[in-house]
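Residue numbers count from 1 along this sequence.
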Amino acid sequence: MIVAAKRLNQVQEYYFSQKLREVGNLVAAGKPILNMGIGSPDLKPSTRVIEAIQNSMTDSKAHQYQSYQGLPELRKAMADFYAENFNVTVDFASEVLPLMGSKEGIMHISLAFLNEGDAVLIPNPGYPTYTSVTELVGAESVFYDLKAENNWEPDFEALEKQDLSKVKIMWVNYPNMPTGASGSLQLFEKLVAFAKKHQIVLVNDNPYSFVLNANPISILQVEGAKEVTLELNSLSKTFNLSGWRVGMVLGNQKLIEAVLKVKSNMDSGMFYGIQKGAIEALKLGVEWFESQNEIYERRRLLIFELAKKLGCTYDEKSVGMFVWAKLPEGSTSAEKYVDRLLHEKDLFIAPGTIFGSNGEGYIRFSLCVDEVLIKEALKRF
């Protein structure tokens with residue numbers, strides 16, 4: 001009998017992988033399911049981006065293996081994007097590395113810096129992949145609380161009381177998913193100081209900066225941050241390129257070289273045409289963000305209305321492409337609440353518990369749903 005590796009005993013199938021099978025079965029059975037659970041952009045990329053990938057197909061090197069570090073002009077476009085939008089200077093030759101989506105960066109960073117038995121600080125609630133990757137590489141997940149009463153920011157006094165002797169990586173994510181907390185440069189300054197004090201690799205996962213956010217920030221804006229900090233970013237949410245799988249990691253040369261050592265053993269370079277399209281996307285500018293946010297703002301107002309109909313409360317100042325809503329008083333289980341909506345109202349929303357125990361009592365709506373469908377959901381209540 002063939003037995004899977006022991007490391008798989010430590011992780012579960014990704015919630016959305018499992019739940020979307022159930023949703024798919026209901027749709028196949030004729031149920032009119034409205035999916036407001038997953039953050040997969042439904043809007044199209046810019047025409048300029050599509051044309052760039054189309055025009056690249058006849059280039060002489062379009063279909064060859066590509067550099068593990070990506071095209072120099074892609075790295076330059078990523079560095080220019082950070083300079084223009086965050087006032088952050090990075091050397092495109094050594095301090096930025098293109099990724100096949102920022103999700104793979106979580107694995108690459110973990111493999112680059114963690115040994116078995118090392119510990120990782122993970123936000124609760126937070127992106128589930130931080131935990132699953134930590135377990136897969138044989139490290140220990142050490143959770144730190146994010147709570148509404150603290151604006152979904154870390155409690156540094158509580159962090160200092162934890163045993164940090166084995167901690168090698170700390171994951172942070174601002175603007176925050178799932179809560180929509182914006183974070184601040186003051187918070188980033190505290191995080192960088194904490195990481196320096198304890199010699200921790202601090203990683204800010206930053207794919208939501210330009211979605212309904214009037215003040216995009218990067219942790220690399222903090223003076224001296226590059227000494228201990230990496231930042232992940234993605235074109236998935238910002239430019240509607242989720243299926244293209246384009247991300248980046250930025251930081252000092254030594255940290256980037258460690259990640260590249262892993263990445264160069266995992267793939268054979270990003271497809272040339274996708275890189276050309278990504279270059280064009282990074283040049284789009286503020287008009288692109290404004291046009292996208294007009295659509296997301298209309299959707300968010302409708303989701304607020306839907307949340308009210310459900311008796312939920314929410315923070316109108318939250319940012320990003322989700323609405324994090326607190327369930328009505330007396331609700332005992334987010335997952336039971338979500339299942340009831342799915343089977344009684346044909347509406348799928350993500351339960352807060354998939355992001356950690358501090359997500360109990362909350363649900364998360366995605367804004368990646370057409371206005372017509374949100375209005376249809378409203379009619380069901």
We want to know whether Asn124 and Ser357 form a side-chain donor-acceptor pair, criterion being a heavy-atom distance below 3.5 angstrom. yes
Verdict with supporting geometry, Ser110 and Trp171, side-chain contact (heavy atoms from CB on, under 4.5 Å): CA-CA 11 Å; Ser110 298; Trp171 292 102; 4.0 Å; yes
Any side-chain hydrogen bond (donor to acceptor under 3.5 Å, both in side chains) pairs touching residues 270-291, not counting sequence neighbours? Arg48-Glu280, Asp59-Tyr272, Glu73-Lys276
Ala325 and Cys312: which non-hydrogen atoms are nearest, and at how many Å? CB-CB, 3.9 Å
Quick one: does any side-chain atom of Ser366 pair with a main-chain N or O of Ile38 as donor and acceptor, under 3.5 Å? yes
Check whether Asn358 reaches the backbone of Pro125 with its side chain - one donor and one acceptor, N or O, closer than 3.5 Å. no
Please determine whether side-chain contact (heavy atoms from CB on, under 4.5 Å) holds for the pair Met270 and Gln66, giving the CA-CA distance in whole Å, both sets of side-chain angles, and the decisive distance to 0.1 Å. CA-CA 6 Å; Met270 186 186 301; Gln66 300 298 314; 5.7 Å; no
Ser182 and Asn215, any side-chain heavy atoms less than 4.5 Å apart: no
Residues, nucleotides or ligands: over 12 heavy atoms within 6.0 Å of Lys76 NZ: no
Should we say atom NZ of Lys196 is surrounded by more than 12 heavy atoms from elsewhere, each under 6.0 Å from it? yes
For Tyr144 and Pro154, which heavy atoms make the closest approach, and how far apart are they? CE1-CG, 3.8 Å
Side chains of Arg245 and Ser236, heavy atoms from C-beta outward: is any pair under 4.5 Å? yes
Short side-chain to backbone donor-acceptor contact, His63 and Met57, under 3.5 Å: yes
Pairs in or reaching into residues 341-351: which pass salt bridge (Lys or Arg N to Asp or Glu O under 4.0 Å), with residues at least two apart or in two chains? Arg340-Glu344
Output all residues satisfying ring-ring contact (aromatic ring centres under 6.0 Å, His included) with Tyr337, sequence neighbours left out; order by chain, then residue number. none
Run the salt bridge (charged side-chain N to carboxylate O under 4.0 Å, His left out) test against Lys226 and tell me which residues pass, sequence neighbours left out. Glu95
Is a side-chain N or O of Asn204 found less than 3.5 angstrom from the main chain of Asn206, in a donor-acceptor match? no
Do Asp315 and Trp324 make a side-chain contact, defined as non-hydrogen atoms from C-beta onward lying under 4.5 Å apart? no
In Å and rounded to the nearest 0.5 Å, what is the CG to CG distance from Asp91 to Asn252? 11.5 Å
Considering only residues two or more places apart or on different chains, which pairs with a residue in residues 29-42 satisfy side-chain hydrogen bond (donor to acceptor under 3.5 Å, both in side chains)? Asp42-Arg299
Test log, rule side-chain contact (heavy atoms from CB on, under 4.5 Å), inputs Leu191 and Phe156: CA-CA 9 Å; Leu191 285 163; Phe156 287 92; 3.7 Å; yes
Can you measure from CD1 (Ile109) to OH (Tyr130) and round to the nearest 0.5 angstrom? 9.5 Å
Tyr314 vs Lys308, test: side-chain contact (heavy atoms from CB on, under 4.5 Å). Steps then yes/no. CA-CA 9 Å; Tyr314 49 86; Lys308 286 177 185 175; 2.8 Å; yes
Donor-acceptor check, side chain of Asn150 to backbone of Glu153, threshold 3.5 angstrom: yes or no? yes
Does any non-hydrogen side-chain atom of Met36 lie less than 4.5 Å from one of Val323? no
Is Glu84 reaching over with its side chain to a backbone N or O of Tyr82, donor-acceptor style, under 3.5 angstrom? no
Tyr174 vs Pro123 side-chain heavy atoms within contact, under 4.5 Å: no
Looking only at heavy atoms, which two atoms of Met107 and Val137 are closest? And how far apart? SD-CG1, 4.0 Å
Report yes if the side chains of Ile374 and Phe365 come closer than 4.5 Å at any heavy-atom pair, otherwise no. no
Return yes when atom CD of Gln64 has more than 12 non-hydrogen atoms of other residues, nucleotides or ligands closer than 6.0 Å, and no otherwise. yes
Salt bridge flag under 4.0 Å for residues Lys263 and Glu104: yes
Any sub-3.5 Å donor-acceptor pair from Glu360's side-chain atoms to Ala334's backbone N or O? yes
Sidechain N-carboxylate O distance under 4.0 Å for Glu305, Lys309: no
Just verifying a value: how many Å separate Lys237 NZ and Leu43 CG, rounded to the nearest 0.5 Å? 13.0 Å
Taking all heavy atoms of Ile349 and all of Leu341, pick out the closest pair and write down the distance. CD1-CD1, 3.7 Å
Supply the atom-to-atom distance Phe348 CZ to His343 NE2, rounded to the nearest 0.5 angstrom. 10.5 Å
Asn173 (side chain) donor-acceptor with Asp205 (main chain) under 3.5 angstrom: yes
Under 3.5 Å: donor-acceptor pair, side chain of Glu231, backbone of Ile219: yes
Contact check, side chains of Val96 and Ile256, non-hydrogen atoms, under 4.5 Å: no
Of all the heavy-atom pairs spanning Glu135 and Ser141, show the shortest one and how long it is. OE2-OG, 2.9 Å
Indicate the atoms forming the closest heavy-atom contact of Gly105 with Leu232, along with that distance. CA-CD2, 4.1 Å
Rounded to the nearest 0.5 Å, what's the gap from CG on Asp145 to CG on Asp155? Could you check? 8.0 Å
Would you call Arg380 and Leu34 a side-chain contact if the rule is heavy atoms closer than 4.5 Å? yes
Can you get from Phe355 to Val319 by hopping between Ile, Leu, Val, Met, Phe, Trp and Tyr side chains that sit under 4.5 Å apart? no
Check: Phe92 main-chain N/O paired with Arg75 side-chain donor or acceptor under 3.5 Å: yes
Determine, step by step, whether Glu297 and Arg300 satisfy the salt bridge (Lys or Arg N to Asp or Glu O under 4.0 Å) criterion, reporting the C-alpha distance in whole Å, the side-chain angles of both residues, the deciding distance to 0.1 Å, and the verdict. CA-CA 5 Å; Glu297 178 60 25; Arg300 182 167 65 174; 2.7 Å; yes
Which pairs pass ring-ring contact (aromatic ring centres under 6.0 Å, His included) with one or both residues in residues 185-233, sequence neighbours excluded? Phe81-Phe210, Phe86-Phe210, Phe194-His198, Tyr208-Phe322, Phe210-Phe289
Nearest 0.5 Å please: distance from the CG atom of Asp118 over to the CD1 atom of Ile169. 8.5 Å
